[in-house]
Amino acid sequence: MNPHPLDPALKSALAAPAESVARRLLGATLLVDGVGGIIVETEAYAATDPASHSFRGPTARNAAMFGPVGRAYVYRIYGLHWCLNVVCDDRQAGSAVLIRALEPTAGIEAMKARRGVEDVRKLCSGPARLCAALGVTGDLDGARLDRPPFSLVLGAPAEVVAGPRIGITRGAETPWRFGVAGSRFLSRPLRQLP
DNA sequence: CTATAGATAATCT
DNA sequence: GATTATCTATAGG
C-alpha cells in the first residue's frame, strides 16, 4: 500500500474525467507555503484532446500528466512563464486541469511583493500570474498537491459558467473553460450560457 | 474597450 | 525551423 494515500474525498474528486474535475476544483482553496486563495477559473485538458500536451503521448515535459492523480504538472510557456495543472482521472492517463485564476485570500502582501503589483484583482488573474504570485516554478513539477508546500482543500462550488478555452489553436471550440459566475478575479470575462 | 508587438526559450517536428 | 494552455505596455476608438 501507498504509505501516504490521498484523502479519500480528494481522491474521489480527482479520479474523474478532466471536465468534471475542472468544475469541482472551483471553490477549492489552493495555497503554497500558506499563500494563495480560492480557485475561480480552470480549464480541462484530456489525452483525447488535440489541445492537450498529452495528446501525442508521454514526453519528458508532460511526464507528470501520466503520473498519479493529485500531483502538480508545472511547465514553462512562451519561454518565460510558468503554468500549474492538477493531474486527474486515473482511468484516462494524461488528463489534467489548468488552474487559471484565484481569488486571493492568504498572504496578499507576499503576492503583491512577488508580482510587483498592488491591484488585488490582478494578482492571480491568469495562469502565469498565479504561479508568480504563489512562487510556483518547475521545481514543483510532479509534487503532491495535498502536502507541503502545497495545500489543496475542496470547497463548495458556487454557480459555474463554461466557455471556450483561451490561447489555443486546436480544439478551440470545446467549451472546457470554467469559472465561478460573477467572480471579479477571472483572467477574462466568462458569459453565462443561455 | 480591442488590437498589436515584443519578450524569450524549451519542446517538438 | 516552427510552435507555444502568456503577460505587459502601448496605441487607437
Side-chain angles (χ1 to χ4, degrees), chain A residues 14 17-26 28 30 32 36-37 39-67 71-89 92-104 111-143 145 160-180 184-191:
Chain A
L14 296 182
E19 181 190 355
S20 77
V21 175
R23 291 175 173 276
R24 293 197 65 174
L25 285 175
L26 295 174
L30 174 70
V32 179
I39 298 172
V40 296
E41 182 181 343
T42 59
E43 282 179 2
Y45 289 91
T48 53
D49 163 22
S52 175
H53 289 168
S54 57
F55 183 61
R56 293 162 199 255
T59 67
R61 174 177 66 160
N62 68 20
M65 285 186 88
F66 292 88
R71 305 288 181 106
Y73 166 45
V74 183
Y75 68 93
R76 216 197 246 292
I77 184 71
Y78 296 112
L80 51 158
H81 303 299
W82 297 104
C83 290
L84 170 66
N85 295 251
V86 175
V87 177
C88 64
D89 197 352
Q92 183 186 79
S95 298
V97 172
L98 173 67
I99 307 302
R100 286 196 57 91
L102 303 180
E103 175 177 341
M111 293 193 277
K112 285 181 177 176
R114 284 176 179 148
R115 293 264 296 112
V117 166
E118 282 298 310
D119 187 347
V120 177
R121 278 208 208 183
K122 295 181 178 174
L123 281 182
C124 298
S125 57
R129 289 173 173 176
L130 114 219
C131 283
L134 304 210
V136 172
T137 70
D139 292 346
L140 293 172
D141 185 39
L145 290 160
V160 174
V161 187
R165 291 172 292 184
I166 291 177
I168 58 175
T169 53
R170 298 178 296 261
E173 323 79 17
T174 309
W176 276 5
R177 175 177 177 234
F178 304 97
V180 175
R184 306 187 309 279
F185 300 93
L186 302 178
S187 65
R188 304 194 52 162
L190 196 44
R191 280 202 48 185

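Chain letters run A, B, ... following the sequence lines, proteins first, then strands; residues in each count from 1. As the structure is a prediction and not an experimental result, all values here were calculated from the model.
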**Report entry** Any donor-acceptor N/O pair, A:Asn62 side chain to A:His53 backbone, under 3.5 Å
**Finding:** yes
Report task. State whether the side chain of A:Arg184 and the backbone N or O of A:Glu103 hold a donor-acceptor pair below 3.5 Å, judged by distance alone. Result -> no
If you round to the nearest 0.5 Å, how far is [atom2] of [Y] from [atom1] of [X]?
X       : Y        : atom1 : atom2 : result
A:Phe55 : A:Tyr45  : CZ    : OH    : 14.0 Å
A:Leu98 : A:Leu130 : CG    : CG    : 8.5 Å
A:Arg61 : A:Tyr73  : CZ    : OH    : 4.5 Å

Under 4.5 Å between any side-chain heavy atoms of [X] and [Y], yes or no?
X        : Y        : answer
A:Ile168 : A:Thr174 : no
A:Met65  : A:Ser52  : yes
A:Leu14  : A:Val87  : no
A:Phe66  : A:Ser54  : yes
A:Ile99  : A:Asn85  : no

Mind checking side-chain contact (heavy atoms from CB on, under 4.5 Å) for [X] and listing every partner two or more places apart, or none if nothing turns up?
X        : result
A:Asp89  : A:Pro17, A:Arg91, A:Gln92, A:Ser95
A:Ala28  : A:Ile39, A:Leu152, A:Leu154
A:Ala132 : A:Arg115
A:Ser187 : A:Glu41, A:Arg100, A:Ile166, A:Arg177

Report summary line: Span of DNA chain C engaged by chain A, first through last nucleotide within the 4.0 Å heavy-atom cut-off, is C:dT4 to C:dT8
Query raised in the report: Which side chain to side chain donor-acceptor pair (under 3.5 Å) pairs, counting each pair once, include a residue from residues 119-136 of chain A, with sequence neighbours left out?
Result: A:Ser125-A:Arg129
Requested in this report: Show your working on side chain to side chain contact (heavy atoms under 4.5 Å, CB included) between A:Leu190 and A:Phe178 and close with a plain yes or no.
Outcome: CA-CA 8 Å; A:Leu190 196 44; A:Phe178 304 97; 5.7 Å; no
Collect all protein-nucleotide pairs involving nucleotides 10-13 of chain B in which both atoms are nitrogen or oxygen and the distance is under 3.5 Å.
unit_1	atom_1	unit_2	atom_2	d
B:dC12	OP1	A:Thr59	OG1	2.5

Query raised in the report: Which residues in residues 123-136 of chain A have at least one heavy atom lying under 4.0 Å from any atom of DNA chain C?
Result: A:Gly126, A:Pro127, A:Ala128, A:Arg129
Requested in this report: Please work out which residues in residues 164-172 of chain A have a non-hydrogen atom less than 4.0 Å from an atom of DNA chain C and list them by number.
Outcome: A:Ile166, A:Gly167, A:Ile168, A:Thr169, A:Arg170
Requested in this report: Return each pair, listed once, that meets salt bridge (charged side-chain N to carboxylate O under 4.0 Å, His left out) where at least one residue sits in residues 133-142 of chain A; pairs must be two or more places apart or across chains.
Outcome: none
Name the pairs: protein N/O against N/O of nucleotides 1-7 of chain B, kept only if under 3.5 Å.
none

Report summary line: Base-paired stretches in DNA chain C with three or more consecutive Watson-Crick or G-U pairs, both distances under 3.5 Å, amount to B:1-7 with C:6-12, B:9-12 with C:1-4
